[in-house]
**Q** 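Submitted below is the structure of interest, expressed as structure tokens.
Every chain is numbered from 1, with letters handed out A, B, ... down the list of sequences. As the structure is a computational prediction, the values presented were derived from the model and not from experiment.
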Number of protein chains: 2
Amino acid sequence: MARDSEATRVRILDAAEAEFAAYGIAGSRVDRIAETALANKALIYKYFGTKDELFDAVFAHRVLAFVDEVEFDATDLPAYAGRSFDLYERFPTTLRLTTWYQLERPDGKLPAIVASNDAKLAKIEEAQRAGKLTTAYSPLELLTEVRALAMSWHLHTPELALVRRPSRSRCREIVVESVRRLVDQD
Amino acid sequence: MARDSEATRVRILDAAEAEFAAYGIAGSRVDRIAETALANKALIYKYFGTKDELFDAVFAHRVLAFVDEVEFDATDLPAYAGRSFDLYERFPTTLRLTTWYQLERPDGKLPAIVASNDAKLAKIEEAQRAGKLTTAYSPLELLTEVRALAMSWHLHTPELALVRRPSRSRCREIVVESVRRLVDQD
DNA sequence: CTGAAATAACCAACTCGTTAGTTACATAGG
DNA sequence: CCTATGTAACTAACGAGTTGGTTATTTCAG
């Protein structure tokens, strides 16, 4: 077998992403990641450090890449909500990782996320000053509601998920439409 | 010290709720729960069974409290959203427990929750038939969006939580108002 | 009442499988 | 033969669940 440390790193990252998405940080097992990655456990420690640092690497590598993949347009928040919805549909793993992060890293202050939030809030404020967005809500208020609506279909408890969901396009339509209602002030 | 098994059960339940809310099922430590509850670990196993069963007890307790305390009125969903918001404010552990449950118990089918959902969906349908609620959305669609809006302020990532939130009453107002916008169809 | 037996509440200390993290060694390939 | 890559086997600690008791409270016969 040809030796390729970069390929091994990638296999470990992929296996770790699946493991962390499924079980969270506390519930994940380094041995299981090694097994899935067809790599020796010691290599995980050699390449990534501790389990917590491996999670950080996974989160940075996968999730942060997607933060900027969804274009943020403060003058068209309904479309932004729709794109967010699309992302949650296409990469359910990413959303799970984010949720684990929220729960298990309550003191997290990833600079990239902070910067992304600040940029969004600034863009909203700018759009408001330009008269292109309602001033009925503050930037934080708008971002909060838009985010909640965008992920509404992915917040279902297991029990509510038993009820048959509308089609994907219908769900998307509802998300976009409800954000439109929010920003189209009288 | 007077012996009172019921008081001990309550102390264990309270300590377990705090522990599970903070660390989830996999991350919680039975020893820590015992310490917080000022109770012996063996009593936890005697009264509640395994760690997983203790989580079930805690979760059922919280969920039932929610169902009991938050009256569901399909003809006034904005008010329902407001009451839900109030409960999340009063018992911040509720949403965290629910999220852990979603992540760590993806196959959960708690009868109390299923029944509560069914009842809500039926009431919405009834209100729609009586012409007291918009038929622009199906019952599941309405419940989904209303729930998301009600918990919008409690879904912040650690990074977004760094931004100073509006006053509690303002947040509540936004929740109620945005649900009103949703159900007040043209 | 009384006091001994029965029962309920409680606990310190244990077992034993699991798990994060390490080490000492092996092999590929330039 | 030298370095990067890889590994089996290890350790030390942790953590869920158990055991074999002790202490308090209740019961009930005399």
**Q** Rounding to an integer number of Å, can you tell me how far B:Ile44 CD1 sits from C:dC11 C1'?
**A** 13 Å
**Q** Using a strict threshold of under 4.0 Å (side-chain N to carboxylate O), is an ion pair present between A:Glu104 and A:Arg96?
**A**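 No, this pair does not count.
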**Q** Enumerate the residues from residues 16-41 of chain A whose closest heavy atom to DNA chain D is under 4.0 Å, giving them by residue number; use none for an empty result.
**A**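 Close to the strand are A:Asn40.
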**Q** Please check if B:Leu142 and A:Val176 belong to a single hydrophobic cluster, counting links between Ile, Leu, Val, Met, Phe, Trp and Tyr side chain heavy atoms closer than 4.5 Å.
**A**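 Cluster IDs for B:Leu142 and A:Val176 differ.
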**Q** Do any side-chain atoms of residues 73-82 of chain B form donor-acceptor pairs under 3.5 angstrom with protein atoms, and if so which ones, sequence neighbours left out?
**A**
unit_1: B:Asp73; atom_1: OD1; unit_2: B:Thr75; atom_2: N; d: 3.0
unit_1: B:Asp73; atom_1: OD1; unit_2: B:Thr75; atom_2: OG1; d: 2.7
unit_1: B:Asp73; atom_1: OD2; unit_2: B:Thr75; atom_2: OG1; d: 3.4
unit_1: B:Asp76; atom_1: OD1; unit_2: B:Ala79; atom_2: N; d: 3.4

**Q** Side chain of A:Arg3 only, please: which of D:dT23, C:dA28, D:dT7 is the nearest?
**A**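 Minimum distance to the A:Arg3 side chain belongs to C:dA28.
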**Q** Indicate whether any N or O donor in one side chain lies under 3.5 Å from an N or O acceptor in the other, for A:Gln128 and A:Thr135.
**A** no
**Q** From the list C:dA20, D:dT18, C:dC10, which nucleotide is the closest neighbour of the side chain of B:Tyr45?
**A**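 Of the options given, the side chain of B:Tyr45 lies nearest D:dT18.
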**Q** Using whole Å, what does the distance between atom C1' of nucleotide C:dG21 and atom NZ of A:Lys46 come to?
**A** 15 Å
**Q** In whole angstrom, what separates B:Arg11's CZ from C:dA9's C1'?
**A** 11 Å
**Q** What is the distance from CD1 of B:Ile12 to C1' of C:dA9, rounded to the nearest Å?
**A** 11 Å
**Q** Over how many whole Å does the gap from B:Tyr47 atom OH to C:dA8 atom P extend?
**A**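 Going from OH in B:Tyr47 over to P in C:dA8 covers 11 Å.
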**Q** Let me know the distance between CZ of A:Phe55 and C1' of C:dG21, rounded to the nearest Å.
**A**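 The distance from CZ of A:Phe55 to C1' of C:dG21 comes to 20 Å, rounded to the nearest Å.
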**Q** May I ask you to decide if the ring planes of B:Phe59 and B:Phe55 are parallel, tilted or perpendicular, using 30° and 60° as cut-offs?
**A** parallel
**Q** Quick check on D:dG6: is either OP1 or OP2 less than 4.0 Å from any side-chain nitrogen or oxygen of A:Thr8?
**A**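 So the side-chain polar atoms of A:Thr8 do come within 4.0 Å of the phosphate oxygens OP1 or OP2 of D:dG6, strictly under.
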**Q** Identify each donor-acceptor pair in which a side-chain atom of residues 36-45 of chain B lies under 3.5 Å from a protein atom, sequence neighbours left out, and give them as a table.
**A**
unit_1: B:Thr36; atom_1: OG1; unit_2: B:Arg32; atom_2: O; d: 2.9
unit_1: B:Asn40; atom_1: OD1; unit_2: B:Ala42; atom_2: N; d: 2.9
unit_1: B:Lys41; atom_1: NZ; unit_2: B:Asp31; atom_2: OD1; d: 3.4

**Q** Taking the minimum atom-to-atom distance to the side chain of B:Ser5, which one of D:dG6, C:dT22, C:dA9 wins?
**A** C:dA9
**Q** Expressed in angstrom and rounded to an integer, what is the separation of B:Leu43 atom CG from C:dC11 atom C1'?
**A**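 Rounded to whole Å, this separation is 8 Å.
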**Q** Between D:dA16 atom C1' and B:Asp52 atom CG, what is the distance in whole Å?
**A** 11 Å
**Q** Pick out which of A:Val58, A:Ile12, A:Ile33, A:Leu54 makes a side-chain contact (heavy atoms from CB on, under 4.5 Å) with A:Glu17.
**A**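 Among the candidates, only A:Val58 passes.
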